[in-house]
Amino acid sequence: MALAGIGLLGGATAQPTGTDWKDWGGTGARMNYSSLNQITAANVADLKPVWVWDSGKFGRTWQTRPLMIGGLLYFTDSQSGDIIAMEPESGKLVWRTKPPVTVGAGVNRRGLAYWAGDGAMKPRIVAIWGHVVYGFDLKTGRLSSDWPGTGLNIGLPNPAEGGKIGGGVQSNAPPIIYKNLIITMGATGFLPPPAQPADPHAHDLRTGKLVWTARVIPAANEPGGDSWGPETQNLVSMGGWGHMALDEASGTVYVPTDSPSPDYVGIWRPGDNAGSGSTVAIDAATGKVRWRFQEQHHGIFDLDTNAAPSPVTVIKDGKRVKVVVQPTKQAMIWILDAATGKPIHPWEERPVAQSQIPGEKSSPTQPFTILPPPLIPATVKRDQLSQLSPQANEECKALFDERKLADVGPFSVPVGGGAWALNSIGAIGGMDWGGVSIDPQRGLAFANVTNMPTMITVTPTSSGVKGNGGLHSNVGNVRFHDKGGRSCNGGKQGELVAVNLGTGQIVWRVPLGSLEDEYGPGARDMGAAGIAPTLATRGGVVFAAPSDGHFYAHDVRTGRQLWKMKMPASSDAGPMTYMGKDGRQYVVIAAGGQGNARRPSPRENSLYRQVLIAFALPKPGDKAVDITGPYPARMQGPGPWPPQ
């Protein structure tokens, strides 16, 4: 439990000042950290809800995380896509602007972006629809007058369509803003032509001009330049759908990259497929690739790297080292030297199960961290299935037998022939896009870890990628869950884990949340799955919201639960914090449903009233705010069984 020798000196990118929250992750470094300390481990137990903004809509996911800039709070509505500005101290609406384009129902934007302008051009809120970026005046919500009314097209040209500008922008993850550049990427899986390119790329926010494009697949003369088979250099390069991060000091953008397509069959792409499932460091001014580190070889697991690779500075063995902290779905935290991309702690290649699908050449080994060790075992065994309740255990054994599943370990492979197989980690991890929060004062990373295997099949197809043996993933990511929608795997459902970044040691691990209300006393210490980012503060608190309908605060030093609050719905958004003009620290979270952390039934899609809630320490005369009574969830019938 000792914190001696942590040696973390601070973020490589400037830390949040506390008053504002100008980026999805606080700053471009995306550490999910605030330097505010009005709310502390000593007083957080007094935290109370102080206002609620009601969207009036029902759903199961709302991943918005507000920005706080210059005295206003900005976020997007859960389904309309409207951009909203409100008073951060009261939740009172200031302005509401509809998207300048038609958006489909159920749009789910994790966050907006902010550009400070260049002196001549004013600051603005930045939002992307498709591959077009629009700017909005901070005070009025009107479209920025110095950009075209049709926005700036930040897509990429497609050589297969004569250079026509197409997609290649993943707009649900907020872009990186570096000086006057907007840096985006897309994700449809690395594919042969004529797929749409989606490489990380930068446009000038003043002119809309494309400044650079970075190809994450190595060139022919680089290591890995032949790792996709004989046609490596002809492949259409991609980026990813997760969150990039920025080191302003060195001018480096760090990119987590996607898995190749199709997810579970890679016959057409023999080799390690360098650049995919990787962390890639790119010069933010020029687009030059500085280094690549691959967290999985020849991906046939849908374990794309997608959490933000956060840059920080540590002291290791008495020396200052700039590092990049990369959480993965494999439940591993890679701590990479920012200069070279090499891990600073021990790791190794370990033999893993090999695909039995004819023509597939899976990698004989995969990379494993030794320090920090993998945060979950990533195994599924019939004699170690769910212990939430005797009924859950029986349901899971019956499903295991009905689908003719087999015990599996890390990097489990599909079996082919249309038969069901277990993906021991599952497509959401491990650790999903929420990543970790990092306390740069105490030298800790806080990981929200889930234990949610899925079931997959691979079947013949008359279409698909040429050279892939006529196979594709027919059914992927079907949850291996009981009738209540909870993971069938044994062990903890969800945990909060603290890692010492200077030494690589696990400092503490505790169950995150509780399923006792659903399953009885036997589930008290099993935790609950959750994928949203956590929030660490200088006040010594880490906030987290798993899928049990509660919001929690834990002590950063010990992991002890300090506070919990029942909400009208779980959150899959992640909290943020700021200081109001009234000198009060607020913590805000979107409660809109469990999202991918629990999917028991298609009927769940419109269950939860979606509200934005602000918490603060109470002041004399504050009236109690009811955040559950006025916002009941809709009733849900049983889902299909077995899971589909």
Side-chain angles (χ1 to χ4, degrees), residues 1-8 277 279 293-297 301 303 305 307 309-310 312 314 316-317 321 323-337 341-353 363 365-381 384 408-412 424-426 428-432 434-439 442-453 487 489-512 526-527 529-530 534 542 554 556-559:
M1 305 292 288
L3 301 185
I6 288 172
L8 200 65
T279 306
F293 180 81
Q294 189 174 51
E295 287 89 23
Q296 61 166 318
H297 312 313
F301 320 99
L303 296 178
T305 302
S310 297
V312 294
V314 303
K316 183 179 184 296
D317 301 328
V321 182
V323 300
V324 179
V325 180
Q326 178 65 76
T328 69
K329 289 184 178 181
Q330 296 91 308
M332 301 181 202
I333 298 179
W334 293 92
I335 305 171
L336 309 173
D337 188 306
K342 295 179 180 178
I344 68 168
H345 296 306
W347 67 288
E348 64 185 0
E349 294 278 346
R350 295 179 189 168
V352 292
S363 177
T365 65
Q366 292 289 349
F368 285 77
T369 55
I370 297 175
L371 288 176
L375 301 186
I376 59 174
T379 60
V380 184
K381 297 181 179 180
Q384 297 177 9
V408 293
F411 293 98
S412 51
S424 64
I425 297 177
I428 69 166
M431 289 169 282
D432 203 9
V436 297
S437 54
I438 297 174
D439 184 332
R442 298 174 178 89
L444 299 175
F446 305 101
N448 177 9
V449 187
T450 66
N451 179 11
M452 193 178 297
S487 173
N489 208 14
K492 298 290 190 292
Q493 292 274 319
E495 294 180 276
L496 187 63
V497 184
V499 173
N500 181 322
L501 293 173
T503 66
Q505 300 288 341
I506 293 177
V507 178
W508 51 256
R509 60 190 309 152
V510 296
L512 177 57
M526 303 305 289
T534 56
V542 56
H554 288 254
V556 299
R557 292 184 176 273
T558 66

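Nothing here was measured: the structure is a model prediction, and the numbers come from that model. Worth knowing before you read on, the calculation uses all heavy atoms, side chains too, and leaves out hydrogens, waters and symmetry mates.
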**Item:** Stepwise side-chain contact (heavy atoms from CB on, under 4.5 Å) check, Leu444 with Ile438
**Value:** CA-CA 6 Å; Leu444 299 175; Ile438 297 174; over 6 Å; no
**Request:** Determine yes or no for a side-chain-to-main-chain donor-acceptor pair under 3.5 angstrom, with Gln493 supplying the side chain and Ser487 the backbone.
**Result:** yes
**Within-4.5 Å side-chain heavy-atom neighbours: Asn451 and Val449** = no
**Asked** Can you tell me how far the NZ atom of Lys329 sits from the CE atom of Met452, to the nearest 0.5 Å?
**Response** 12.5 Å
**Message:** Apply side-chain contact (heavy atoms from CB on, under 4.5 Å) to residues Phe301 and Ile425 and explain how you reach the verdict.
**Reply:** CA-CA 9 Å; Phe301 320 99; Ile425 297 177; over 6 Å; no
**Prompt:** About how many Å separate CD1 of Ile335 and CD of Gln326, when rounded to the nearest 0.5 Å?
**Reply:** 11.5 Å
**Prompt:** If we ignore angles and hydrogens, is there a donor and acceptor under 3.5 Å between the side chains of Glu295 and Thr305?
**Reply:** yes
**Request:** Measure from the side-chain N and O atoms of Arg509 to the backbone N and O of Gly559, and report whether any donor-acceptor pair falls under 3.5 Å.
**Result:** no
**Request:** Identify the two heavy atoms, one from Ala331 and one from Ile376, that lie closest to each other, and give their separation to 0.1 Å.
**Result:** CB-CG1, 3.4 Å
**Message:** Keeping Thr369 on the side-chain end and Pro372 on the backbone end, is there a donor-acceptor pair under 3.5 Å?
**Reply:** yes
**Prompt:** Between Ala447 and Leu375, which heavy-atom pair has the shortest distance, and what is it?
**Reply:** CB-CD1, 3.7 Å
**Request:** Report the C-alpha distance between Val436 and Met431 in whole Å, list the side-chain angles of each, state the deciding distance to 0.1 Å, and finish with yes or no for side-chain contact (heavy atoms from CB on, under 4.5 Å).
**Result:** CA-CA 8 Å; Val436 297; Met431 289 169 282; 4.1 Å; yes
**Fill in**
Interatomic distance, CD@Glu349 vs OG@Ser363, rounded to 0.5 Å, equals 6.5 Å
**Prompt:** For the side chain of Asp432 and the backbone of Ala307, is there at least one donor-acceptor N/O pair under 3.5 Å apart?
**Reply:** no
**Message:** Taking the side chain as everything from C-beta on, heavy atoms only, tell me whether Pro373 gets closer than 4.5 Å to Ile506.
**Reply:** yes
**Asked** In Å, rounded to the nearest 0.5 Å, how long is the span from CG of Asp439 to CZ of Phe446?
**Response** 5.0 Å
**Request:** Decide yes or no for Trp334 and Pro309: does some side-chain heavy atom of the first lie under 4.5 Å from some side-chain heavy atom of the second?
**Result:** no
**Request:** Kindly give the heavy-atom pair with the smallest separation between Pro410 and Thr379, and that separation in Å.
**Result:** CD-CG2, 4.1 Å
**Prompt:** Of Pro377, Pro453, Ser412, which is the lone residue that meets side-chain contact (heavy atoms from CB on, under 4.5 Å) with Ser424?
**Reply:** Ser412
**Request:** Check for a donor-acceptor pair, side chain of Gln505 on one end and backbone N or O of Val507 on the other, with a separation under 3.5 Å.
**Result:** no
**Request:** Would you check, one step at a time, whether the test side-chain contact (heavy atoms from CB on, under 4.5 Å) holds for Val324 with Ser310?
**Result:** CA-CA 5 Å; Val324 179; Ser310 297; over 6 Å; no
**Asked** Does a side-chain heavy-atom distance below 4.5 Å link Pro374 with Met332?
**Response** yes
**Message:** Tell me whether Asn500 contacts the main-chain N or O of Gly502 through its side chain, where contact means a donor paired with an acceptor under 3.5 Å.
**Reply:** yes
**Item:** Polar side-chain atom of Gln330 near backbone of Pro367 as donor-acceptor pair, under 3.5 Å
**Value:** no
**Request:** Look up atom CD in Glu348 and atom CD in Gln366, then write down how far apart they are to the nearest 0.5 Å.
**Result:** 13.0 Å
**Item:** Heavy-atom side-chain contact between Thr365 and Arg350 under 4.5 Å
**Value:** no
**Message:** Using only atom types and a distance under 3.5 Å, with no angle test, would you say the side chain of Asn448 pairs donor to acceptor with the backbone of Gly435?
**Reply:** no
**Side chain Asp337, main chain Val323, donor-acceptor under 3.5 Å** = no
**Item:** Parallel, tilted or perpendicular: rings of His554 and Trp508 (30°, 60°)
**Value:** parallel
**Asked** Looking at CG of Leu501 and CD1 of Ile333, how far apart are the two atoms once the value is rounded to the nearest 0.5 Å?
**Response** 7.0 Å
**Asked** Less than 6.0 Å separating the ring centroids of Trp347 and Phe293?
**Response** yes
